[in-house]
Amino acid sequence: MVVDEGIEEAEAGTDRLFQALADTTRRDILRRCARDDLSVSRLADAYPMSFAAVQKHVAVLERAGLVVKERRGREQIVRAEPDALDRARRALDGLEAAWRGRVERMSGLLAEAPETGPGAQQPTEGQSR
């Protein structure tokens, strides 16, 4: 099957985004960085895990485009990237639209289908079911 490389890369980016958001610690790091730019050291102080483990969480968020790191002196400052959350919102909006369309089509089919079961009007003589 031939797949458009641009679409494939966009899908891979969306996968990275949602995989990054799937972890509680990473979502918390993202919330903290959305409120204020924080150093990796300061972030690490907030969690009962090693500095290296927090660095790995930040790296996953960075690969997904959810945060950006910049060096200020000896520290790595982590800043949330709001455009990435817009990408997540657009992906979810697209899925919601697809599902709403399916539900509307099913509702239309059900409305057209003849009623069956208890209380349904029985065909009169000469009518077929």
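Values reported hereafter were calculated over all heavy atoms of this structure, with side chains retained and with hydrogens, waters and symmetry mates removed.
Here the CG-CZ distance, from L95 to R90, works out to 13.5 Å after rounding to the nearest 0.5 Å. Here OG of S50 is found 7.5 Å from NZ of K56. Values are rounded to the nearest 0.5 Å. Separating the OG atom in S39 from the CG atom in D45 is a distance of 7.5 Å, to the nearest 0.5 Å. Here the straight-line distance linking atom CG of L38 with atom CD of E75 works out to 10.0 Å at 0.5 Å rounding.
At least one test fails for R26 against the ring of Y47: distance under 6.0 Å to the centre or angle within 45° of the axis.
Nearest approach of G65 to A84, heavy atoms of both residues: O-CB, 3.1 Å. Pairing each heavy atom of F51 with each of A44, the nearest pair is CD1-CB, 3.8 Å.
Taking a 6.0 Å sphere around CZ of R74, one finds it holds 12 or fewer heavy atoms contributed by other residues, nucleotides or ligands. Around atom CZ of R32, more than 12 heavy atoms belonging to other residues, nucleotides or ligands sit under 6.0 Å away.
Between T14 and R87 the shortest side-chain heavy-atom distance does not fall below 4.5 Å. The closest side-chain heavy-atom distance from Q76 to Q55 is not below 4.5 Å.
A salt bridge links E81 with R79: the distance from a Lys NZ or Arg NE/NH1/NH2 to an Asp or Glu carboxylate oxygen falls below 4.0 Å. One finds a salt bridge joining R100 and E96 here, because a Lys/Arg side-chain nitrogen approaches an Asp/Glu carboxylate oxygen to under 4.0 Å. Comment: R89 does not engage D93 in a salt bridge, judged by the lack of any side-chain N to carboxylate O separation of less than 4.0 angstrom.
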What's the verdict on side-chain contact (heavy atoms from CB on, under 4.5 Å) for D37 and V78, showing C-alpha distance, side-chain angles and the deciding distance?
CA-CA 6 Å; D37 296 354; V78 183; over 6 Å; no
Might you work through the salt bridge (Lys or Arg N to Asp or Glu O under 4.0 Å) test for R72 and E70, ending with a clear yes or no?
CA-CA 6 Å; R72 288 190 198 155; E70 61 185 57; 3.2 Å; yes
Could you walk me through whether L43 and C33 pass side-chain contact (heavy atoms from CB on, under 4.5 Å), step by step?
CA-CA 9 Å; L43 284 168; C33 293; 4.0 Å; yes
Passes side-chain contact (heavy atoms from CB on, under 4.5 Å), L92 versus F18? Steps please.
CA-CA 10 Å; L92 290 173; F18 285 108; 3.9 Å; yes
Show your working on salt bridge (Lys or Arg N to Asp or Glu O under 4.0 Å) between R27 and D23 and close with a plain yes or no.
CA-CA 6 Å; R27 287 192 309 272; D23 183 83; over 6 Å; no
Give the intermediate values and the outcome of side-chain contact (heavy atoms from CB on, under 4.5 Å) for residues L85 and L30.
CA-CA 10 Å; L85 292 177; L30 186 58; 4.0 Å; yes
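Cluster membership check: L21 shares its hydrophobic cluster with V67, using side-chain heavy-atom separations under 4.5 Å among Ile, Leu, Val, Met, Phe, Trp and Tyr.
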